[in-house]
Amino acid sequence: MKYQAPRGVKDLLPPESELFRLLEDEVREVFGRSGFREIRLPLFESADLFARSIGESTDIVEKEMYLFSGKGGESLALRPEGTASLIRAAIEHRLAEPGRLERLFYQGPMFRHERPQAGRLRQFHQAGAEILGSSDPDDDVDLIATVSRHAGISRVPASRLLINSMGCPECRPGYREILVDYLEKNHDLLCETCRRRTKTNPLRVLDCKIPSCQPVLESAPHLVEFLCPASRSHFDRVCRGLEGEGISFTVSHRLVRGLDYYTETAFEWVSDALGAQSTWAAGGRYNGLVRHLGGGDVPGVGLAIGIERLFLLRELAGTLPQKAGAAVHLAVHPLEEAARPYAHRILASLRDNGISAVGIFGQTRLKKAFLQAEREGALFIGLLGGDELSTGTITIKHLATGIQKSLPTFPPEYLSKALREPWTPDPV
RNA sequence: GUGAGUGUAGCUCAAGGGCAGAGCACUGGACUGUGGCUCCAGGGGUUGGGGGUUCGAAACCCCUCACUCACCCCA
């Protein structure tokens with residue numbers, strides 16, 4: 001085979017492509033019903049934007065970005081995630097302004113140069129929703145509810161919601177010191193990576209999954225116990241709000257975001273049914289990000305859903321959205337040369353009237369035409385021969401029931417209407 | 001980037017040093033205006049690629065590529 005798709009990217013063929021589209025549509029609808037409006041963002045940006053927003057020392061920026069140069073030599077990158085672009089666009093077009101509240105969502109492919117694995121691709125899809133301009137805990141609750149209720153939990157097997165608080169610039173530095181103290185005391189019990197991170201990014205140490213580190217990390221001081229009154233209150237109100245909504249969650253003290261402009265609430269939806277990549281949606285509050293990217297003092301909270309992961313989970317649970325109706329309504333088959341122009345006219349008029357129709361032209365045997373119609377998912381087959389030509393009719397057979405009728409092809413609205421109505425035998 | 005497992009027809013898989021096969025799918029026929037069934041026939045392969053061992057390699061050895069899963073990281 002001379003050419004094949006690059007590593008880690010997938011061709012999506014029918015029927016999966018159709019189901020994938022339905023799932024994307026459903027997510028779009030869910031966000032739309034919660035008041036989010038779609039923003040269409042470019043697939044590449046200045047590489048520097050991602051370095052600044054995601055963080056210089058993250059794996060994504062250090063080794064996973066697809067980098068390339070523009071003609072002028074500027075450094076560009078395929079987007080590894082959506083939030084950075086969205087914030088950039090919001091600042092650029094004055095949607096992120098102090099005092100203004102904006103709900104936006106995006107959907108589309110993201111690119112990370114990682115080793116492919118179950119639920120992990122080099123080109124994958126995310127749908128994300130962001131609320132800019134609100135620091136109200138009820139907006140955290142509402143955002144979480146949107147996913148938990150509607151995209152969600154009930155349709156995803158073995159799914160759990162984890163939440164935690166990252167604190168704020170007032171209280172996190174204090175906690176960080178306490179944590180570093182603790183980690184240094186237990187230095188000898190930690191793995192190589194954790195020792196390094198104790199110095200570079202102590203909060204991330206809590207994320208370590210190496211078994212030998214677990215006892216130390218489990219008994220590490222919890223950030224929520226060191227929150228300042230304001231952060232404490234924000235977190236309590238989010239938790240109470242979720243309880244009030246009847247959304248169950250677990251406070252996970254080990255759930256962290258490594259970067260400073262992530263503040264207050266962090267949350268993740270995980271499922272054990274997914275393999276090693278257990279997170280299928282994640283989000284949090286980022287009250288410092290807009291300012292960090294050169295905008296005003298505008299708080300924000302957002303999340304992203306991994307569409308492939310959601311797809312896998314819902315496929316497993318049998319809860320993918322169902323395809324409505326047949327792929328093709330009517331397959332038209334001319335039985336002789338003279339009927340071909342007639343067939344084209346009928347196809348055109350059906351399509352004009354909103355009916356999906358295909359022509360079956362290449363088959364010499366009627367049996368083959370039937371088989372082809374079925375293969376294309378047609379509901380009806382329409383036959384055109386000498387009789388039909390001379391009387392201006394078409395012989396239509398409902399493939400599932402075998403019920404057959406002869407219908408006039410003029411006016412075209414009549415035929416379209418008949419094809420949409422329940423197909424029962426004519427009274428004798 | 002590291003590790004393990006797997007690569008044979010379009011798909012699912014046999015053959016474990018001695019003729020590369022089956023089922024499904026595909027094409028044609030039985031069957032020229034009425035399908036799904038059945039029967040018959042046919043096309044399809046440098047056994048992922050390269051090198052080596054051997055009289056002989058799909059099989060054994062080395063290299064390489066790809067896929068899968070895991071580490072790592074994350075959606």
Side-chain angles (χ1 to χ4, degrees), chain A residues 1-10 13 27 54-55 57-64 79-83 106-128 147 151 191-194 197 204 207-211 255-258 267-271 274-284 302-313 331 333-336 339 360 362-376 378 380-389 394-404 406:
Chain A
M1 218 177 315
K2 195 161 183 186
Y3 293 110
Q4 50 185 313
R7 179 166 221 189
V9 307
K10 267 199 169 138
L13 311 174
V27 169
I54 299 165
S57 66
T58 56
D59 281 15
I60 293 177
V61 170
E62 274 183 352
K63 38 191 197 199
E64 295 176 2
R79 61 180 186 186
E81 56 110 44
T83 302
Y106 60 86
Q107 188 167 41
M110 307 292 164
F111 307 86
R112 292 183 199 173
H113 190 100
E114 295 184 279
R115 192 77 169 259
Q117 184 181 331
R120 191 168 81 183
L121 294 164
R122 289 185 173 177
Q123 176 175 334
F124 60 101
H125 294 75
Q126 285 187 343
V147 170
C191 70
E192 192 66 25
T193 313
C194 286
R197 281 182 178 153
R204 282 289 312 286
D207 227 4
C208 182
K209 280 151 199 121
I210 295 181
L255 175 60
V256 295
R257 297 285 181 269
F267 43 90
E268 271 185 33
W269 288 263
V270 299
S271 169
L274 208 50
Q277 310 300 321
S278 57
T279 303
W280 60 269
L303 61 82
I305 298 172
I307 302 293
E308 281 85 357
R309 292 182 184 178
L310 180 60
F311 187 97
L312 282 170
L313 286 167
H333 179 56
L335 292 159
E336 49 198 75
I360 296 179
Q363 299 299 344
T364 51
R365 304 184 62 156
L366 192 50
K367 171 173 179 163
K368 299 291 177 194
F370 271 85
L371 291 171
Q372 180 61 29
E374 277 174 349
R375 204 158 22 216
E376 297 204 47
F380 296 97
I381 190 168
L383 303 177
L384 299 171
D387 297 347
E388 287 82 2
L389 215 46
I394 181 169
T395 299
I396 291 181
K397 187 168 188 177
H398 187 238
L399 287 164
T401 61
I403 296 170
Q404 182 167 312
S406 176

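This is a predicted model, so every value here is computed, not measured. Only heavy atoms go into these numbers, but all of them, side chains included; no hydrogens, no water, no symmetry mates.
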>> In the structure I gave you, are the side-chain heavy atoms of A:Trp269 and A:Leu310 within less than 4.5 Å of one another anywhere?
In response: no
> Hey, what do you get for CD1 (A:Ile403) to NE2 (A:His398), rounding to the nearest 0.5 Å?
Replying inline: 7.5 Å
> Taking only residues two or more places apart in sequence or in another chain, which ones pass side-chain contact (heavy atoms from CB on, under 4.5 Å) with A:Ile360?
Replying inline: A:Ala331, A:His333, A:Gln363, A:Ala369, A:Gln372, A:Ala373
> What distance, rounded to whole Å, do you find between the two P atoms, one in B:U6 and one in B:C62?
Replying inline: 14 Å
>> Testing the basics here: between A:Leu313 and A:Ser271, what is the closest heavy-atom pair and its distance to 0.1 Å?
In response: CD2-OG, 3.4 Å
>> Quick check for you: to the nearest 0.5 Å, what is the distance between A:Arg257 atom CZ and A:Glu268 atom CD?
In response: 5.0 Å
> Can you tell me how far P in B:C65 sits from the matching atom in B:C24, rounded to whole Å?
Replying inline: 39 Å
> Do the non-hydrogen side-chain atoms of A:Leu274 and A:Arg309 ever get within less than 4.5 Å of each other?
Replying inline: yes
> Distance between the P atoms of B:A15 and B:G48, in whole angstroms?
Replying inline: 15 Å
> Counting distance only, does the side-chain N/O of A:Gln123 pair as donor-acceptor with the main-chain N or O of A:Pro109 below 3.5 Å?
Replying inline: no
> Given the P atoms of B:G10 and B:U46, what is the spacing between them in whole Å?
Replying inline: 8 Å
>> Are the side chains of A:Phe370 and A:Lys397 in contact, using a 4.5 Å heavy-atom criterion?
In response: yes
> For A:Gly8, which contact category applies under a 4.0 Å heavy-atom criterion: base, sugar-phosphate, or nothing?
Replying inline: sugar-phosphate
>> Using heavy-atom distances to pick each residue's nearest nucleotide on RNA chain B, tell me which of A:Gly402 and A:Ala5 is more 5'.
In response: A:Gly402
>> So A:Thr395 and A:Asp387, do their side chains get closer than 4.5 Å, heavy atoms only?
In response: no
> Just by protein heavy atoms under 4.0 Å, how would nucleotides 70-75 of chain B read 5' to 3' in B, S and -?
Replying inline: BBBBBB
> Say you draw a straight line from CD of A:Glu64 to CG of A:Asp59; how long is it, rounded to the nearest 0.5 Å?
Replying inline: 5.5 Å
>> Dot-bracket, 5' to 3', for RNA chain B please: Watson-Crick or G-U pairs under 3.5 Å, [ ] where pairs cross earlier ones, | where the partner sits on another strand, dots elsewhere.
In response: (((((((..((((....[..)))).(((((.......))))).....(((((..]....))))))))))))....
>> Just verifying a value: how many Å separate A:Phe124 CZ and A:Glu81 CD, rounded to the nearest 0.5 Å?
In response: 9.0 Å
>> Roughly how many Å apart are B:A30 and B:A66, using the C1' atom of each and rounding to a whole number?
In response: 44 Å
> What nucleic acid atoms does A:Glu388 come within less than 4.0 Å of, heavy atoms only: base, sugar-phosphate, or nothing?
Replying inline: base
> What interatomic distance, in whole Å, is found between P of B:C67 and the corresponding atom of B:G17?
Replying inline: 30 Å
>> Expressed as a whole number of angstroms, how long is the span from A:His113:NE2 to B:U2:C1'?
In response: 14 Å
> Say you pick atom P in B:G33 and the same atom in B:G28; how far apart are they, in whole Å?
Replying inline: 15 Å
> Roughly how far, to the nearest 0.5 Å, is NE2 of A:His113 from CD1 of A:Ile60?
Replying inline: 14.0 Å
>> Heavy atoms only, 4.0 Å cut-off, all strands: where does A:Leu383 land among base, sugar-phosphate and nothing?
In response: base
>> When the C1' atoms of B:A70 and B:U54 are compared, how many Å lie between them, rounded to an integer?
In response: 38 Å
> Nearest heavy-atom pair of A:Ile396 and A:Gly382: which atoms, and what distance?
Replying inline: CG1-CA, 4.2 Å
Could you list all N or O pairs between the protein and nucleotides 23-29 of chain B that sit under 3.5 Å apart?
from	atom 1	to	atom 2	distance (Å)
B:C26	OP1	A:Arg375	NH1	2.9
B:G29	OP2	A:Arg365	NH1	3.4

Short N/O separations, protein against nucleotides 7-9 of chain B, under 3.5 angstrom:
none

> Glycosidic conformation of B:G16, syn or anti, with 90° from 0 as the boundary?
Replying inline: syn
>> To the closest 0.5 Å, what do you measure between CG (A:Leu366) and CG (A:Leu335)?
In response: 6.0 Å
> Rounded to whole angstroms, how far apart are CZ on A:Phe370 and P on B:C37?
Replying inline: 14 Å
>> Applying salt bridge (Lys or Arg N to Asp or Glu O under 4.0 Å) as the test, list every pair that has at least one member in residues 110-124 of chain A; sequence neighbours left out.
In response: A:Glu114-A:Arg120
